[in-house]
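For reference, the structure is listed below as C-alpha cells.
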Amino acid sequence: MQQVDFLVIGTGIAGLTYAHKMAEKYPDKKVLVITKAAADETNTKYAQGGVAVVNDFEADSFEKHIEDTLIAGDGLCNPKIVETVVKDGPARVQELIDLGANFDKEKDGDYKLGKEGGHSEFRIIHHKDITGWEMERTLLEAVSRMPNIEIIKHCFVVDIITQHHLGYLITKSTPDIECYGVYALNLHTSEIETILAKTTYLASGGNGQVYRTTTNPAIATGDGVAMVYRAKGRIENMEFIQFHPTALYEPGLRGQAFLITEAVRGDGGILRNKNGDAFMERYDERKDLAPRDIVARAIDNEMKITGTEHVWLDCRHFDTEKFIEHFPNIYEKCKSAGIDISKDMIPVAPAAHYSCGGIKVDEWGQTSIRNLYAVGECSSTGLHGANRLASNSLLEAMVFAHRCFVHVASKVDNNELPQHPTFKLNIPEWNAMGTSTPKELILITQSLKEIQQVMTDYVGIVRNNIRLQRASRRLDLLWEETEQLYKSSTLSPNILELRNLITVGYLIVKGSTFRKESRGLNYNTDYPNKSELLQNIVL
C-alpha cells in the first residue's frame with residue numbers, strides 16, 4: 001500500500017500535461033502516473049490530423065471556430081464550455097510549443113494550416129501526419145526531466161476505491177461519494193496493489209475496441225468509464241460514438257485499422273463509390289468536407305447500395321511530392337499495401353474512432369465523485385455535444401488538463417484536500433481468496449469477439465429499435481457469464497478489459513435506446529427526426 005498526493009491514470013496528452021504542471025508547481029510533492037501498457041501507447045500517439053486552434057486572426061476568428069463546433073455538435077454542445085476551450089486554446093498550444101513540440105511551418109515562418117470536415121477555415125496545425133506522436137514525444141521528454149514524477153508502466157487499474165470498500169452501501173443517489181485511490185494490478189508482479197491518493201485524475205482514453213474495427217489501439221477498452229460507472233459516478237451521452245469515415249480497408253481485419261486522416265480530404269481528396277462516382281455531393285453541399293457523422297453515414301449507405309465493403313478515396317490528382325511531404329506515414333502505409341497513390345485509389349471504410357460521451361464532468365473537470373477528475377476522451381465536458389468537430393479533441397485535452405491543474409492547485413494552496421491520513425480509514429487490501437487461473441482462455445477471447453460483433457452489427461453507424469433490443473439481450477447474457485468468471489478467476493488484463501468493454505457496450509446501447517431521435521452520431525431509422533427537446537442522457 002502506498003499513498004501519494006497526485007495520482008494520474010493514463011499517459012496520453014491529458015495525463016502528461018496535468019502531471020507535468022503539478023510536478024512543476026509542487027516540486028516537494030510526488031506525482032504518480034500509472035499506465036497499463038508502455039508509456040507512449042496511447043490514443044494521442046495515433047492522432048494524425050492535428051490541433052484545431054485559431055492563430056490567423058486575419059482570416060479566422062474565435063467566433064468562427066465556436067460556430068463550427070456548435071454546428072457539428074448538433075444542438076448538444078455547452079456554449080460556455082465551447083467558448084472556454086476555443087479561447088484558451090492558443091495559450092495551451094503555445095505551452096506545448098515552448099516545451100519543444102514542432103509543428104509544420106511555411107517558408108515565411110507561419111504555421112502551415114490544414115482544413116478538415118466541419119471547419120469553415122484553415123486552422124489545423126500539424127506535424128506532418130503524425131501530430132499526436134510529436135505531442136506525445138514532447139510531453140514524455142518533459143515529464144522525464146521532473147524528478148518528482150514516477151511513471152509505473154504495465155499497471156492495470158482494476159477499480160476506484162470509495163466508501164463502498166469500507167462497507168457502506170453506495171448508490172447513484174448517495175451524496176458525497178469520495179475517491180480514495182485505486183486498486184491496480186501490477187503486471188510485473190501479478191499482485192493487486194492499493195494506491196491511495198488525495199486526488200485521482202483519470203485520463204484513461206477511449207473505448208474503440210468495443211467494435212470489431214477501430215482506429216484506436218488495443219488499449220482503448222473504456223476502463224475509466226466502466227470503473228466510474230461501477231463506483232456509481234455519472235456517465236453521459238455514451239450513445240454518441242464517432243466513426244471515422246476513412247480508415248484504410250484491409251480485408252478480414254479485426255482490431256486497429258490504419259487511419260487515413262481527414263486532412264487528406266481537406267487537401268482535395270475525393271470519395272468515390274465502386275462506379276467511380278463522387279457521391280458526397282448527393283448528401284451534403286459541403287461534399288467531402290461535411291462533418292464526420294454525415295460523411296460516415298453517406299459511405300455506409302453507398303456500401304449498402306453497391307454491395308461493397310468499402311469505397312475509394314481518390315488522390316490521383318495530387319502533386320505526389322507534396323503528398324509525401326504532408327502525409328509521409330500514409331504514403332508509406334499505402335505503398336506497403338501495394339497502393340500507388342499517384343495511380344491507385346485508396347480503399348477506405350468507416351471505423352469506430354472517438355467517444356463523444358463519457359464520465360460527466362463540470363467546467364473544472366470534476367466528476368460526480370469527490371476528489372476524482374476526468375479529462376480527455378474518457379470524459380464528457382460538453383464541448384463535443386452529439387458529434388465532435390475534427391481535431392478538437394487534442395485541444396480539449398490540453399485545456400481541461402490545465403483547468404484541472406488550476407482547480408486542484410487552488411485546493412492544495414487553500415488546504416482543502418482531504419486532511420485525514422487515508423491509511424487510518426482501514427481501506428482493505430484486495431481479497432483474491434478462492435480465485436484461480438481460468439482453465440480455458442477461449443471463454444474470454446470468444447466473449448470478446450462476440451461483444452465486438454454484436455456492437456458492430458447492431459449498434460453501429462445506423463441503428464434501429466430491433467437491433468438495439470437484440471444487442472441488449474446479448475450483452476445481458478455476456479455480462480452474467482463474465483461476472484461469474486470474474487468472481488472465480490485470478491485477475492488478468494484480458495478478463496478486466498472484457499468486463500470493462502461489456503459495461504461500455506451496455507452504456508452505449510442504453511443511451512441509444514433512451515434517445516428517441518436521430519441527432520449527431522446517434523442515427524435511428526425508427527426515429528429519423530430530431531426531437532424538439534434538447535437533453536443529455538445521464539446514466
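What you see is a predicted model, and the numbers here were worked out from it, not measured in a lab. Counting begins at 1 with the first residue of the sequence.
- Across all non-hydrogen atoms, the minimal contact from Gly520 to Asp293 is O-OD2, 3.4 Å.
- Each of Phe6, Tyr201, Phe405 was checked for a ring-ring contact (aromatic ring centres under 6.0 Å, His included) with Tyr18, and the lone residue meeting it is Tyr201.
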**Request:** List the steps, then state whether side chain to side chain contact (heavy atoms under 4.5 Å, CB included) holds for Thr503 with Met227.
**Result:** CA-CA 9 Å; Thr503 299; Met227 285 187 290; over 6 Å; no
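- Here NE2 of His119 is found 3.5 Å from CG of Leu389. Values are rounded to the nearest 0.5 Å.
- A donor-acceptor distance shorter than 3.5 angstrom exists from the side chain of Ser379 to the backbone of Gly376, with no hydrogens or angles considered.
- Asp68 places a side-chain N or O within 3.5 Å of a backbone atom of Ser120 that can act as its donor or acceptor partner.
- Taking the centre of each ring, Phe243 and Tyr211 come in below the 6.0 Å mark.
- A pairwise comparison of heavy atoms in Leu259 and His353 identifies CD2-CE1, 4.0 Å as the closest pair.
- In summary, Glu363 and Arg403 engage in a salt bridge, as defined by a charged side-chain N under 4.0 Å from a carboxylate O.
- Of the charged side-chain nitrogens involved, none lies within less than 4.0 Å of a carboxylate oxygen, so that Lys64 and Glu67 do not count as a salt-bridged pair.
- The shortest distance between side-chain heavy atoms of Val8 and Leu32 does not fall below 4.5 Å.
- Annotation: side chain of Cys315 is in contact with side chain of Leu313 (closest heavy-atom distance under 4.5 Å).
- A heavy-atom distance below 4.5 Å is not found between the side chains of Asn371 and Tyr180.
- For the pair Leu491/Val158, a side-chain contact is recorded, criterion being any heavy-atom separation below 4.5 Å from C-beta on.
- With hydrogens and angles left out, the side-chain atoms of Glu396 and Thr381 include a donor and acceptor closer than 3.5 Å.
- Distance check, rounded to the nearest 0.5 Å: OG of Ser492 to CG of Leu185 gives 8.0 Å.
- Formation of a donor-acceptor pair under 3.5 Å by the Glu134 side chain with backbone atoms of Asn102 is found in this model.
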Using salt bridge (charged side-chain N to carboxylate O under 4.0 Å, His left out), reason through Lys21 and Glu95 one step at a time and then give a plain yes or no. CA-CA 11 Å; Lys21 286 174 179 284; Glu95 288 175 348; 2.8 Å; yes
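- Asp267 is listed as a side-chain neighbour of Phe318, based on a closest heavy-atom distance under 4.5 Å.
- For the pair Asn148 (side chain) and Lys30 (backbone), a donor-acceptor distance under 3.5 Å is absent.
- Atom CD1 of residue Ile152 and atom CG of residue Leu7 lie 9.0 Å apart, to the nearest 0.5 angstrom.
- Taken from CD1 in Ile241 to CG in Asn387, the straight-line distance is 11.5 Å, to the nearest 0.5 Å.
- Taking the side chain as every heavy atom from C-beta outward, Thr213 and Gln256 never approach each other to under 4.5 Å.
- Salt-bridge annotation for Arg123 and Asp56: absent, with no side-chain N of the basic residue lying under 4.0 Å from a carboxylate O of the acidic one.
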Dump the intermediate steps for ring-ring contact (aromatic ring centres under 6.0 Å, His included) on His126 and Tyr111, then the final yes or no.
-> CA-CA 8 Å; His126 54 269; Tyr111 287 109; 9.6 Å; no
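- When only modelled atom types and interatomic distance are considered, Ser391 and Glu116 share a side-chain donor-acceptor pair under 3.5 Å.
- Judged by distance alone, the side chain of Gln2 and the main-chain N or O of Ile195 form no donor-acceptor pair under 3.5 Å.
- Between Arg292 and Ala390, the shortest heavy-atom contact is NH2-CB, 3.6 Å.
- For the residue pair Asn392/Thr69, the side-chain donor-acceptor check at 3.5 Å is satisfied.
- Across Thr200 and Cys179, no two heavy atoms sit closer than the pair OG1-SG, 3.5 Å.
- If you take CD1 on Ile299 and OG1 on Thr246, they are separated by 6.5 Å, rounding to the nearest 0.5 Å.
- One N or O on the side chain of Thr456 and one on the backbone of Arg212 form a donor-acceptor pair closer than 3.5 Å.
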Item to check | Trace of the salt bridge (charged side-chain N to carboxylate O under 4.0 Å, His left out) decision for Arg230 with Asp159 | outcome: CA-CA 8 Å; Arg230 286 196 295 270; Asp159 263 326; 3.0 Å; yes
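- Pairing each heavy atom of Ile330 with each of Ile260, the nearest pair is CG2-CD1, 3.8 Å.
- Side-chain contact annotation: Asn536 with Asn237, donor-acceptor N/O pair under 3.5 Å present.
- Here Lys36 pairs with Glu497 in a salt bridge; the nearest charged N to carboxylate O distance falls below 4.0 Å.
- Between His188 and Lys153 the shortest heavy-atom distance is NE2-O, 3.7 Å.
- Taking a cutoff of 4.0 Å between a charged side-chain nitrogen and a carboxylate oxygen, Lys112 and Glu325 qualify as a salt bridge.
- Heavy-atom contacts from other residues, nucleotides or ligands closer than 6.0 Å to NZ of Lys449 number 12 or fewer.
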| message | ring-ring contact (aromatic ring centres under 6.0 Å, His included), that's the test. Do Phe327 and Tyr331 meet it? Break it down for me. | response | CA-CA 6 Å; Phe327 309 112; Tyr331 178 79; over 10 Å; no
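- Contact annotation: the side chain of Phe57 approaches that of Phe62 to within less than 4.5 Å [non-hydrogen atoms, C-beta and beyond].
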Start with the C-alpha gap between Gln209 and Asn216, add the side-chain angles, then the distance that decides, and say whether side chain to side chain donor-acceptor pair (under 3.5 Å) holds. CA-CA 7 Å; Gln209 290 293 329; Asn216 295 182; over 6 Å; no
Salt bridge (charged side-chain N to carboxylate O under 4.0 Å, His left out) evaluation trace for Glu121 with Lys115: CA-CA 6 Å; Glu121 300 293 344; Lys115 186 178 183 181; over 6 Å; no
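- Side-chain N or O atoms of Asp300 include none that pairs as donor or acceptor with a backbone N or O of Ala296 at under 3.5 Å.
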**Request:** Begin from the C-alpha positions of Glu191 and Asn186 and carry the test side chain to side chain donor-acceptor pair (under 3.5 Å) through to its verdict.
**Result:** CA-CA 6 Å; Glu191 297 292 327; Asn186 187 319; over 6 Å; no
Task: Residue pair Val459, Glu239: steps toward the side chain to side chain contact (heavy atoms under 4.5 Å, CB included) verdict - done: CA-CA 9 Å; Val459 203; Glu239 64 274 20; over 6 Å; no
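- In this structure, the side chains of Val348 and Tyr249 stay at 4.5 Å or more apart for every pair of heavy atoms.
- Of the possible polar contacts, one joining the Ser368 side chain to the Arg234 backbone as a donor-acceptor pair under 3.5 Å is found.
- Judged purely by atom type and a 3.5 angstrom limit, Asn500 uses its side chain to pair as donor or acceptor with the backbone of Leu496.
- Lys360 contributes atom NZ, which lies 11.0 Å from atom CD1 of Ile235 (distance to the nearest 0.5 angstrom).
- Side chains of Asp223 and Thr221: a donor-acceptor N/O pair is present below 3.5 angstrom, by distance only.
- The aromatic ring centroids of His384 and Tyr354 lie less than 6.0 Å from each other.
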